[in-house]
Amino acid sequence: MEEIKVSPDYNWFRSTVPLKRIIVDDDDSKVWSLYDAGPKSIRCPIIFLPPVSGTAELQYPVYWDLIEFCDGFRKLLDHLQLDKVHLFGASLGGFLAQKFAECTHMSPRVHSLILCNSFSDTSIFNQTWTANSFWMMPAFMLKKIVLGNFAKGPVDSKMADAIDFMVDRLESLNQSELASRLTLNCQNSYVEPHKIKDVAVTIIDVFDQSALSLEAKEEMYKLYPNARRAHLKTGGNFPYLCRSAEVNLYIQIHLRQFHGTRYAAISPAMVSAEELEVQESHLSGNQDSVDNQ
């Protein structure tokens with residue numbers, strides 16, 4: 001379990017990037033936590049939203065419905081003086097990113113979306129009828145529900161380390177945090193794509209076992225027919241941990257289309273053009289192979 005926690009990159013990040021705690025609601029128990037990294041000259045940064053079990057660059061407070069979450073997130077962006085942002089969302093984080101883009105479509109706050117192992121309709125989990133009872137379940141029952149979606153059987157060492165790390169992160173969430181996330185994950189809701197049709201989208205998913213069914217993935221492709229697709233042969237539920245180099249390159253490729261505009265999210269000094277050219281051709285090859293299936 002300690003492999004990722006003791007890695008030089010993880011410890012460098014945690015020791016050099018300050019953790020900010022911000023309250024934007026009238027209820028001062030609702031605290032947003034975020035690591036604010038990168039140059040301040042970037043005015044349309046990328047924000048990472050975690051899955052149910054994770055903690056990320058940004059961790060949101062206990063919210064019990066999607067409207068409340070979207071309102072709180074909008075207030076956070078106002079507090080940070082960010083007109084528009086790019087969102088990377090994993091699983092539930094991707095669903096929340098889509099709902100926020102949908103909620104703010106009349107006055108857009110989301111410039112682009114990267115959706116990793118994500119979904120567009122909560123009914124795929126067959127838990128909508130129990131969603132309203134999560135708040136009263138003890139923490140051990142909630143953790144059991146989440147762990148039931150983790151990969152079973154043999155996996156490579158990096159995937160095993162990623163699973164162990166996410167189990168550790170799951171243990172760091174208290175009962176109300178976990179119950180609220182499961183409620184958001186499972187309460188009856190779906191994305192209305194016509195409201196976010198002008199948002200640039202990249203969909204990242206894996207070919208091996210994950211919590212998402214093939215039907216759920218196909219539904220995402222139908223919802224976003226113009227989205228760029230980035231496929232990983234393996235990666236399970238947490239490719240951003242166990243296949244981080246590939247996922248990071250796909251993120252850079254996605255953000256490259258905004259270079260030279262006010263919506264640039266990467267400093268030009270941080271981009272290796274040659275490396276991106278190679279990876280972009282690889283991404284196009286993946287797209288062609290999918291189209292020909």
Side-chain angles (χ1 to χ4, degrees), residues 1 3-5 48-56 88-98 113-128 130 141-171 173 178 181-182 184-186 190-191 201-224 227-251 282-283 285-287 289-293:
M1 185 197 305
E3 195 67 33
I4 294 177
K5 288 178 67 176
F48 295 84
L49 295 172
V52 168
S53 55
T55 55
F88 176 105
S91 191
L92 170 62
F95 181 69
L96 294 176
Q98 293 171 84
L113 292 167
I114 305 175
L115 307 172
C116 181
N117 279 358
S118 196
F119 55 91
S120 59
D121 190 334
T122 60
S123 66
I124 63 170
F125 299 109
N126 298 316
Q127 293 272 13
T128 53
T130 57
M141 286 184 65
L142 299 171
K143 289 173 184 175
K144 189 174 181 180
I145 292 171
V146 176
L147 290 172
N149 289 317
F150 283 21
K152 300 173 180 64
V155 294
D156 65 44
S157 60
K158 287 190 175 182
M159 289 176 68
D161 289 338
I163 293 169
D164 287 343
F165 180 77
M166 293 303 279
V167 170
D168 181 66
R169 294 292 83 207
L170 179 63
E171 290 296 328
L173 298 173
L178 195 47
R181 292 188 183 194
L182 280 169
L184 294 177
N185 196 86
C186 298
Y190 57 88
V191 174
V201 177
T202 291
I203 297 172
I204 301 177
D205 56 21
V206 299
F207 285 142
D208 61 347
Q209 182 187 4
S210 73
L212 284 186
S213 66
L214 181 60
E215 291 75 20
K217 295 178 183 179
E218 292 292 340
E219 187 60 31
M220 289 290 287
Y221 302 152
K222 290 178 187 175
L223 232 59
Y224 301 106
R228 305 178 87 177
R229 300 188 204 171
H231 299 290
L232 301 169
K233 289 182 179 178
T234 59
N237 286 318
F238 314 116
Y240 41 88
L241 291 177
C242 61
R243 304 290 184 263
S244 57
E246 293 173 77
V247 171
N248 285 341
L249 281 167
Y250 282 138
I251 292 171
H282 173 62
L283 182 62
N286 276 342
Q287 178 68 66
S289 67
V290 170
D291 291 341
N292 293 328
Q293 285 179 4

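Reckoned from all heavy atoms, side chains included, excluding hydrogens, waters and symmetry mates.
Within the model, atoms OG of Ser118 and CG of Leu92 stand 8.0 Å from one another, a figure rounded to the nearest 0.5 Å. Note that SG of Cys186 is 7.5 Å distant from CD1 of Ile145, once rounded to the nearest 0.5 Å. Distance check: Ser53 OG to Asp168 CG gives 11.0 Å after rounding to the nearest 0.5 Å. Expressed to the nearest 0.5 Å, how far CZ of Phe88 lies from CD1 of Ile251 amounts to 4.5 Å. One distance of note links CE of Met159 with CD1 of Ile163; it measures 6.0 Å at 0.5 Å rounding. Leu212 CG to Ser91 OG: the interatomic distance, rounded to the nearest 0.5 Å, is 6.0 Å.
For the pair Ser210 and Asn237, the minimum side-chain heavy-atom distance is below 4.5 Å. Taking 4.5 Å as the limit, every side-chain heavy atom of Thr202 sits out of range of all side-chain heavy atoms of Tyr250. With contacts defined as side-chain heavy-atom distances shorter than 4.5 Å, the pair Lys143/Leu178 qualifies.
Lys158 pairs by the salt bridge (charged side-chain N to carboxylate O under 4.0 Å, His left out) definition with nothing, not counting sequence neighbours. Glu218 meets the salt bridge (charged side-chain N to carboxylate O under 4.0 Å, His left out) test with no other residue; sequence neighbours excluded. Residues meeting the salt bridge (charged side-chain N to carboxylate O under 4.0 Å, His left out) test with Asp121, sequence neighbours left out: none. In this view, Phe125 and Phe119 satisfy the ring pair (Phe, Tyr, Trp, His ring centres under 6.0 Å) rule, not counting sequence neighbours. With sequence neighbours left out, the side chain to side chain donor-acceptor pair (under 3.5 Å) criterion links Arg169 to Thr55. Asn185 meets the side chain to side chain donor-acceptor pair (under 3.5 Å) test with no other residue; sequence neighbours excluded. Not counting sequence neighbours, Thr128 has no partner by the side chain to side chain donor-acceptor pair (under 3.5 Å) test. Under the side chain to side chain donor-acceptor pair (under 3.5 Å) criterion, Gln127 pairs with Thr130, sequence neighbours left out. Contacts of Tyr240 classified as ring pair (Phe, Tyr, Trp, His ring centres under 6.0 Å), with partners at least two apart in sequence or in another chain: none.
With 3.5 Å as the limit, one finds a donor-acceptor pair spanning the side chains of Gln98 and Tyr224.
Between the side chain of Arg243 and the backbone N or O of Gly236, no donor-acceptor pair lies under 3.5 Å.
The heavy-atom pair separating Ile124 from Ala216 by the smallest distance is CD1-CB, 3.9 Å. Of all the heavy atoms in Leu113 and Ala97, the pair that sits closest is CD2-CB, 3.7 Å. Residues Ala162 and Leu241 share a closest heavy-atom pair of CB-CB, 3.8 Å. Listed here is the closest heavy atom pair of Ala160 and Val155: N-CG2, 3.7 Å.
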Let's go through Val146 and Arg181 carefully: what are the C-alpha distance in whole Å and the side-chain angles of both, what is the deciding distance for side chain to side chain contact (heavy atoms under 4.5 Å, CB included) to 0.1 Å, and is it a yes or a no? CA-CA 10 Å; Val146 176; Arg181 292 188 183 194; over 6 Å; no
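The one candidate from Leu147, Leu142, Val52 that meets the side-chain contact (heavy atoms from CB on, under 4.5 Å) condition with Leu170 is Leu147. Each of Asp205, Asn117, Val206 was scored for a side-chain contact (heavy atoms from CB on, under 4.5 Å) with Leu232, with one residue passing: Val206.
Ring geometry for Phe207 versus His231: interplanar angle under 30°, hence parallel rather than tilted (30 to 60°).
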